[in-house]
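Just below is one structure, and these are the notes that go with it.
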Amino acid sequence: MSDELLYLWYGMISRMTNTVKMNIVMHYGGLGKLWEVPEAQLKADLTDRQAEAILEYRDEDIVLGYREKLMKSGVEYIYPGHPAYPGRLYDIPDPPLVLFARGDVDMLRCMESSVAVVGARKASVYGRTMADRFASDMARAGVAIVSGMALGIDGMAHRAALKAGGRTVAVLGCGINVVYPKENYDIYHDICSGKGVVLSESGLDVKPDAFRFPYRNRIISGLADGVLVVEAREKSGSLITADQALEQGRDVYVVPGRVTDPGSAGCNNLIRMGAECVVNAGDILESLGIKEAVCRENTDDKPHICGLAESDFNKNLLAPIQKKVYSCVRLESRHVDDICVEAGISVSEVTQILYDLEQMGLVKQLMRNYYIRA
């Protein structure tokens, strides 16, 4: 069976996370080999639930039938190696094996700059106002707005980007054809009409189970150059996205709130820990090195960058091993030994790479052997 259908088959399995499915694929040496593993061996090697999930759709006629249903529903699917698979996702620790998509899928190939906007579902007037202002201004500058289409800050960011005539990406925690929450049907409809793209790891009719939402956050941050947190409580799901962004080597921006406001406690704590405090979209655009609107179309169908500062070019041109070390540097200072342990690289190699990153202006040595993001 073709690689395209193998990816689709594996994407049809919705009862396991991408991490578990990836581990199973690696255990058997690839999707093609997993397709051929005898049923008895699967049941001996895996849990009953895992074996049943794999065997449920392991029939080429079923996969072809599912593909036809997707086509009739206006749903595409992309996977590693597909022309529209976002290049940024190759760099994250747990890249999705398949993404179902509705809307302008081609925009994924020319997203030169993008920022994820996340925050409280029960947002205050202040939070909604800030989300609208930041998202609108960034969208007008050509930055794609990424979020999770949840109530509150997410929905406001999507609406602001659409109203500004910009582009937006919504990453769902449910099936690609399931509108959740229903209050955001207008956003879903507008994006699917060609004003952006809706993405999900789950195919048709998959319910919005609770475990899917924090897990999809890695895709939200992975698709972006940076994550903007607008209004978040001390224990907010948005902080999970911020933490994942740091692990992925993304920048984290935070809108400050009143120190007496519990709804902004998470934001203010992020700032105390070293996240970048921003008061307008210009702060983020300057950080990204954007002085003018980025090009929205590529004549050669290959992503290219316009108006980016030297530091932004540096991050895009890092070698894989440099990216790995850079992702281990935080907004708070870390000792070189801790970076070595997390990166799994020798002290001599890490020291040399940190020196190179320091010369590029990406990290700073606060004191001997203690590093922080510049």
Side-chain angles (χ1 to χ4, degrees), residues 17-20 22 86 88-96 114-121 123 127 131 134 145-150 152-154 157 169 171-173 199 201 210-257 262-278 284 287-288 315 323-335 338-344 357 362-363 370-374:
T17 65
N18 187 76
T19 303
V20 173
M22 183 76 79
R88 291 176 178 86
L89 294 182
Y90 288 118
D91 298 331
I92 70 174
D94 190 12
S114 56
V115 171
V117 181
V118 298
R121 284 176 169 79
F134 275 84
I145 303 301
V146 184
S147 199
M149 214 181 83
I153 299 301
D154 287 23
V169 182
V171 185
L172 307 183
L199 299 175
E201 281 188 284
F211 79 90
R212 301 185 192 280
F213 291 92
Y215 194 64
R216 65 89 193 262
N217 289 352
R218 80 192 195 287
I219 300 176
I220 294 176
S221 56
L223 286 169
D225 297 308
V227 173
L228 171 65
V229 184
V230 183
E231 201 167 54
R233 291 182 173 273
E234 192 168 8
K235 295 181 179 180
S236 166
S238 302
L239 305 184
I240 298 175
T241 309
D243 189 53
Q244 290 174 332
L246 291 175
E247 291 179 4
Q248 295 167 350
R250 275 48 170 173
D251 295 314
V252 175
Y253 311 104
V254 183
V255 177
S264 290
C267 288
N268 293 336
N269 284 340
L270 282 174
I271 293 171
R272 289 175 61 192
M273 291 187 290
E276 186 171 345
C277 177
V278 292
I284 299 175
S287 175
L288 294 175
K315 281 189 278 187
K323 287 183 179 179
K324 189 172 186 179
V325 173
Y326 180 69
S327 70
C328 298
V329 183
R330 300 286 189 263
L331 294 172
E332 70 277 2
S333 63
R334 297 193 77 189
H335 193 273
D338 295 325
I339 297 173
C340 290
V341 170
E342 184 173 341
L357 294 175
L362 297 177
V363 303
Y370 281 87
Y371 292 84
I372 192 172
R373 290 199 176 192

**Asked** Do you know which two heavy atoms are closest between Asp154 and Ser147, and how far apart they sit?
**Response** CG-OG, 3.0 Å
**Asked** Under the side chain to side chain contact (heavy atoms under 4.5 Å, CB included) criterion, do Asp225 and Arg88 qualify, and how do the steps go?
**Response** CA-CA 9 Å; Asp225 297 308; Arg88 291 176 178 86; 3.3 Å; yes
**Prompt:** Where do Ser221 and Gln248 come nearest, in terms of heavy atoms and distance?
**Reply:** OG-OE1, 2.8 Å
**Request:** Over all heavy atoms of both residues, which pair between Val230 and Val255 is shortest? Give the atoms and the distance, please.
**Result:** CG2-CG2, 3.9 Å
**Prompt:** Got more than 12 heavy atoms from elsewhere within 6.0 Å of OH, Tyr370?
**Reply:** no
**Atom pair CD/CG of Gln244 and Asp94 - distance to nearest 0.5 Å** = 9.5 Å
**Heavy-atom side-chain contact between Arg233 and Pro262 under 4.5 Å** = yes
**Request:** Compute both the distance and the angle, then confirm whether Arg218 meets the cation-pi test with Tyr215: under 6.0 Å from the six-membered ring centre, within 45 degrees of the axis.
**Result:** yes
**Complete:** What one should report as the nearest heavy-atom pair of Ala123 and Ile153 is CB-CD1, 3.7 Å
**Nearest-0.5 Å distance that lies between atom OH in Tyr371 and atom CG in Leu362** = 13.5 Å
**Prompt:** Just wondering, more than 12 heavy atoms not from Arg212 lying within 6.0 Å of its CZ?
**Reply:** yes
**Request:** Report yes if the side chains of Asp251 and Glu276 come closer than 4.5 Å at any heavy-atom pair, otherwise no.
**Result:** no
**Request:** Using modelled atom types only, decide if a donor and an acceptor are shared between the side chain of Glu231 and the backbone of Ala120 within a distance under 3.5 Å.
**Result:** no
**Request:** Report the residues that fulfil side-chain contact (heavy atoms from CB on, under 4.5 Å) with Ser236, sequence neighbours left out, ordered by chain and then residue number.
**Result:** Ala232, Ser238, Leu239
**Approximate separation, where rounding is to 0.5 Å, of Arg334 CZ and Glu342 CD** = 4.5 Å
**Request:** Drop me the distance from Ile92's CD1 to Leu223's CG, to the nearest 0.5 angstrom.
**Result:** 7.5 Å
**Prompt:** What's the verdict on side chain to side chain contact (heavy atoms under 4.5 Å, CB included) for Phe134 and Val115, showing C-alpha distance, side-chain angles and the deciding distance?
**Reply:** CA-CA 10 Å; Phe134 275 84; Val115 171; over 6 Å; no
**Prompt:** Side chains of Pro96 and Ile219: does their closest heavy-atom pair fall under 4.5 Å?
**Reply:** yes
**Prompt:** Minimum heavy-atom separation for Leu246 to Arg330, with atom names?
**Reply:** O-NH1, 4.0 Å
**Item:** Reported CZ-to-CD1 distance for the pair Arg250 and Ile220, which is rounded to 0.5 angstrom
**Value:** 13.0 Å
**Request:** Heavy atoms only: give me the nearest Arg216-Leu172 pair and the separation to one decimal.
**Result:** NH1-C, 3.8 Å
**Prompt:** Under a 4.5 Å cut-off applied to non-hydrogen side-chain atoms, are Val325 and Ile339 in contact?
**Reply:** yes
**Asked** Is any side-chain heavy atom of Arg373 closer than 4.5 Å to a side-chain heavy atom of Val252?
**Response** no
